[in-house]
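Notes follow the structure.
Letters A, B, ... are given to chains in the order of the sequence lines, protein chains preceding strands, and every chain is numbered from 1. Hydrogens, waters and symmetry mates are skipped; everything else that's a heavy atom, side chains included, is used. Every value quoted in this text rests on a predicted model; they were computed, and no experiment measured them.
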Amino acid sequence: MIRDDIISLIQQAAHKAQAAGDLPMFGLPDFVVERPKNPEHGDYSTNVAMQSARLAKMAPVKIAEALINHFPPAQFIGKVELAHPGFVNFTLSDAWLAQQVAAIAAAPDSFGNSDTGQGRKAQVEFVSANPTGPLTIGHAWGAVLGDTIASLLTATGWDVTREYYFNNGGRQMRLLGESLRVRYLELLGQSNPIPQDGYQGDYLRWVAAALVAEHGDSLAEVNNDYFRKRAELSIFANIRATLARLGVDFDVYYNELDLYESGKINAAVQALSTSGYAYQKDGATWLRATDLGLKQDRVIIKSSGEPTYRMPDIAYHVDKLRRGFEYIVDIFGADHHATWPDVLAGVRALGYDTSAIQVIIHQFITLMREGQEVKMSTRRGEFVTIDTLLDELTTPSIPGRDVMRFTLLTRSADSSMIFDLDLAVKESSENPVYYVQYGHARICAILRKAATEGFPPDDYAGGDLSLLGHPAELRLLRKMMELPEVIADAAAQLAPQQLSHYAQGLASDFHAFYRDCQVVSTVPAERELTRARLRLVEAARIVLARALGLMGVTAPEQM
RNA sequence: GCCCCCGUAGCUCAGUGGAACAGAGCACUGGACUUCUAAUCCAAUGGUCGCAGGUUCGAGUCCUGCCGGGGGUGCCA
């Protein structure tokens, strides 16, 4: 991408200047090549001269001059300028920018991609909600973050597996089964209380009703384990359907019981014991986390003989590493932030390097309805499901998932956001996602219009790109050429919100172009300009569609 | 008590590999549709970047303390 090319040219310039004796010999320090906020400062800018001042024992301005004098010629650079107190500013070549339309059109499905992953295996684990109830708004954030991060990693050359892990062997699921059994018996006329800490949501009533319809009263004496499995199955079907509506598709669903049955948990416990990282106290088995740099030791097997959630999590992460993933991203809600250091410590105790594991903790979403905070609890059956939200956000032409995904993708994971339902529904007609989608639809309208005016694609494909040079055209082109850097940065920083902000900027530059430049003209003298602009517009459509596609948001042809 | 995240415009939020005048959307005000879709555009308004110190040639961005909000600190997950 352009930024990397400039970095390399700066290094070449420094070497040439040193060879010519215009700069003393010194190793280049860390420096940045960034996009200046002020357009007068060019398209890219570097602080290398100021960073080098101390090492070179020269004034920044003098260093900058030497670099500029020895700057190698490059087709894509239009101007290299010095600015006080020592910035070197680069401006892209207008002619080169115009020609990039061809490069974009040649790679409609891959423009902006790069290859830091080089085909290596990466895994993104997200959602991972236990099947005790429907998915809620908090899960939606994890889902959208994870899915988009996975897409970004794919775009940067990783072989990505999207994975959902869930606990189906512990106390929670036993309680779920008991709660379902109570609901079932309730429908048969037997009244029993929901167990302590059990699940009170209505959804178990629906599952119970299905059981009655299917089996009548024949399950009255059946044990809890049957109900547990049945609840898991039904709720998981619901979760999968919700994920499908959100446009999220997992490659692997991995569950805790498989870890037990395959002996992986026992093996991990054994290994921890023999290596001395586990010890017995008060009838329980503890992980010696204090030897691994943590503040306190943790129970991994309760005195009841049942492992705590940490043990399967440790075995699961070991399994991830053994499966050959070279980059692992875990996405959890803020309520899990205290648990993952223990889990990683356990993995390290088993002799594995955990440096490839990145943990993203997203903060909580406060849901507001009618000016009131909606407190949610799966156990109490008080929550607003993703399905409900999607229903409310859907409009005749645009699926609710677009609004939900885009909205969630405008915030950084660290921000504890407020999601005002009334506002989201009321303002959905002014949601920024429509602004971006409208840009795409507008382009499609232009292309349709062009076809009816005698400019089908195979005609304008031969348009002369050198005719592009209007300020609005160049501004749009510049923004289009930013996509590779946006994808690379968003992927490297695991910060998908950069995509939504980029998409808004791109749409904005397109709308401004639309205002300033008539694309389709039937005036004979403007025929060639029309053909060139149609190529530009088609390329802009490709870039817009790519940004939307990475976010999992649809790119409508009309609105 | 201790740990993590946050505190930027009336509201919701970007911006933290330090850098050249602090951004967007919404809301509010005034303009632009015989012209490829006005779900658009233009203009105006709006900020002591929580507070106080410190590091630096340069701090919204790094460090320390304080204040405020959220999350955690289980032999729950």
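- Nucleotide B:A44 forms a pair with no other nucleotide shown, judged by Watson-Crick or G-U wobble geometry with both contacts under 3.5 Å.
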Take nucleotides 71-77 of chain B nucleotide by nucleotide from the 5' end and write B, S or -, depending on whether a protein heavy atom sits under 4.0 Å from the base, only from the sugar-phosphate, or from neither.
-> BSSSBSB

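- Residue A:His41 is classed as a base contact, given a heavy-atom separation below 4.0 Å to a base.
- Annotation: cation-pi geometry satisfied between A:Arg35 and A:Tyr44 (NZ/CZ under 6.0 angstrom from ring centroid, within 45° of ring axis).
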Please tabulate, for side-chain N and O atoms in residues 163-172 of chain A, each donor-acceptor pair with protein atoms closer than 3.5 Å (sequence neighbours left out).
unit_1, atom_1, unit_2, atom_2, d
A:Glu163, OE1, A:Gln123, NE2, 3.1
A:Glu163, OE1, A:Arg323, NH1, 3.1
A:Glu163, OE1, A:Arg323, NH2, 3.4
A:Glu163, OE2, A:Gln123, NE2, 3.2
A:Glu163, OE2, A:Tyr316, OH, 2.8
A:Glu163, OE2, A:Arg323, NH2, 2.6
A:Tyr164, OH, A:Ala129, N, 3.4
A:Tyr164, OH, A:Ala129, O, 2.7
A:Tyr165, OH, A:Asn167, ND2, 3.3
A:Asn167, ND2, A:Glu256, OE1, 3.4
A:Asn168, OD1, A:Leu257, N, 3.0
A:Asn168, ND2, A:Glu232, OE2, 3.4
A:Asn168, ND2, A:Asn255, OD1, 3.3
A:Arg171, NH2, A:Asp197, OD2, 3.0
A:Gln172, OE1, A:Tyr199, OH, 2.8
A:Gln172, OE1, A:Arg379, NH2, 2.7

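- For the P atom pair drawn from B:U8 and B:G69, the interatomic distance equals 14 Å after rounding to whole Å.
- The partner of B:C33 cannot be assigned: no Watson-Crick or G-U wobble pair with both contacts below 3.5 Å exists in any strand.
- Ring centroid separation for the pair A:Phe510 and A:His440 does not come in under the 6.0 Å cut-off.
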Quick tally for nucleotides 11-16 of chain B: nucleotides whose base has a protein heavy atom under 4.0 Å get B, sugar-phosphate-only ones S, the rest -, giving -SSSS-

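- Taking 4.0 angstrom as the limit, A:Arg533 places none of its side-chain polar atoms (N or O) nearer than this to OP1 or OP2 of B:C36.
- Computed from coordinates, the A:Asp402 CG to B:A39 C1' distance equals 14 Å when rounded to whole Å.
- Nucleic acid contact class of A:Phe87 (heavy atoms, under 4.0 Å, all strands): base.
- For the pair A:Asn47 CG and B:U56 P, the interatomic distance rounds to 18 Å; values are reported in whole Å.
- Heavy atoms of A:Ala450 sit nowhere under 4.0 angstrom from any nucleic acid atom.
- The partner of B:C26 is B:G10, by the rule that a Watson-Crick or G-U pair needs both atom distances under 3.5 Å.
- A donor-acceptor pair under 3.5 Å is absent between the side-chain atoms of A:Asn130 and the main chain of A:Thr132, judged by distance alone.
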